[in-house]
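Counting starts at 1 for both ligands and their atoms, following the listed order.
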Amino acid sequence: MKVVKVNSYEEMSAYIAERIACQIKEKPQSVLGLATGSTPVGAYEKLCEMYKENKVDFSCVTTFNLDEYYPINPDDKNSYRYFMEEKLFSKVNIKKENINIPSGNAPDAALECKLYDEKLEKSGGVDLQILGIGVNGHIGFNEPADTLCSGTHLTELAKETIASNSRFFKNELEVPTHAITMGIGSIMKAKSIIIAANIKDKKEAVEKVLGGNITTSCPATLLCAHRDVTLVYYG
Ligand code: F6R
């Protein structure tokens, strides 16, 4: 694992945005795996600026988001669909038909997961995956457990995740209890992965990743078995 320690959130965001822009420059038809949450917001802002300055072109890019609450209406301000539209998609020239996010209001979650994996497979797979890390070491919404799922699946959010994500809602009771998430297998199939963190908030989880021992009780440690992962962190 390549480890990049930077001094600030701004530097981390610039690093991620630059890597995404280089990926798109090298391969205009890139498939990007994207995350939501606080971690990538600065990188998305930077990419929007780069787009305005004609430094990056999303016209041939395809994206797959890691996860979405379930159930949730895609128009809900707390949906990840809304988040992505607001932070990135509405501000760059990505084609609507190239955007993939699990549907929070699909009537049949199991079918939605199956179709998502099929689309992912058909796309040729993710070239560059961006990940945040949960306080409990989750990636996507693959929460610590004895066994982890390989493909896209419906999952119950861990108590720590609900508590942490309640900052976006009125209170903890409003946080959806479930989500559809890409599985560990889908994440590990990405050709390149960047995992980003503020080490102050995620100290325990990041230290486990840096320690190199793989355990399903900290799903991010599985990344230690991937051949092209960059951990970028500050704090
Ligand atoms: C979000 C996701 C989650 C977050 C993680 C960190 O799409 O998959 O794994 O990356 O919970 O969240 P933040 O960045 O808000 O600390």
Is the shortest distance from a Lys or Arg side-chain nitrogen in E118 or K122 to a carboxylate oxygen in the other one below 4.0 Å?
-> no
At a 4.0 Å threshold, what atoms of ligand 1 neighbour a non-hydrogen atom of K202?
-> 6 (C), 13 (P), 16 (O)
Give a yes/no on ligand 1: does M182 have at least one heavy atom closer than 4.0 angstrom to it?
-> no
Relative to the heavy atoms of I133, which atoms of ligand 1 are at a distance of less than 4.0 Å?
-> 5 (C), 6 (C)
In Å and rounded to the nearest 0.5 Å, what is the CZ to CG distance from F169 to N78?
-> 3.5 Å
Could you check V31, L34, I101 and say which one makes a side chain to side chain contact (heavy atoms under 4.5 Å, CB included) with T63?
-> L34
Would you mind checking which non-hydrogen protein atom is closest to atom 11 (O) of ligand 1, with the distance to 0.1 Å?
-> H138 NE2, 2.7 Å
E49/K46 salt bridge by N-O under 4.0 Å criterion | yes
Below 4.0 angstrom, N of the basic side chain to O of the carboxylate: do K55 and E53 qualify?
-> yes
Go through ligand 1 atom by atom and flag the ones less than 4.0 Å from a non-hydrogen atom of R167.
-> 13 (P), 15 (O), 16 (O)
Can you check whether G140 has an N/O within less than 3.5 Å of an N/O in ligand 1?
-> yes
Distance filter under 4.0 Å to T39 heavy atoms, resulting ligand 1 atoms | 13 (P), 14 (O), 16 (O)
How far is atom 8 (O) of ligand 1 from its nearest protein heavy atom, and which residue and atom name does that atom have?
-> D67 OD2, 2.5 Å
Element-labelled atoms of ligand 1 that are located less than 4.0 Å from some non-hydrogen atom of S38 = 13 (P), 14 (O), 15 (O)
Below 4.5 Å, heavy atoms only, C-beta onward: do T36 and M84 meet side chain to side chain?
-> yes
Taking atom 1 (C) of ligand 1 as the reference point, the nearest protein heavy atom with its distance | T36 OG1, 3.2 Å
With no hydrogens and no angle check, do the side chains of Y69 and D76 hold a donor and an acceptor under 3.5 Å apart?
-> no
Evaluating non-hydrogen atoms only, which member of G137, G132, G37, G33 is closest to atom 10 (O) of ligand 1?
-> G132
Decide side chain to side chain contact (heavy atoms under 4.5 Å, CB included) for M188 and L223; before the verdict, give the C-alpha distance in whole Å, the side-chain angles of both, and the deciding distance to 0.1 Å.
-> CA-CA 7 Å; M188 292 291 279; L223 298 174; 4.0 Å; yes
Is there at least one pair of N or O atoms, one from Y80 and one from ligand 1, spaced under 3.5 Å apart?
-> no
Against heavy atoms of L66, which atoms of ligand 1 measure under 4.0 Å?
-> 8 (O)
Verify whether one side chain among T161 and E143 offers a donor that lies under 3.5 Å from an acceptor in the other.
-> yes
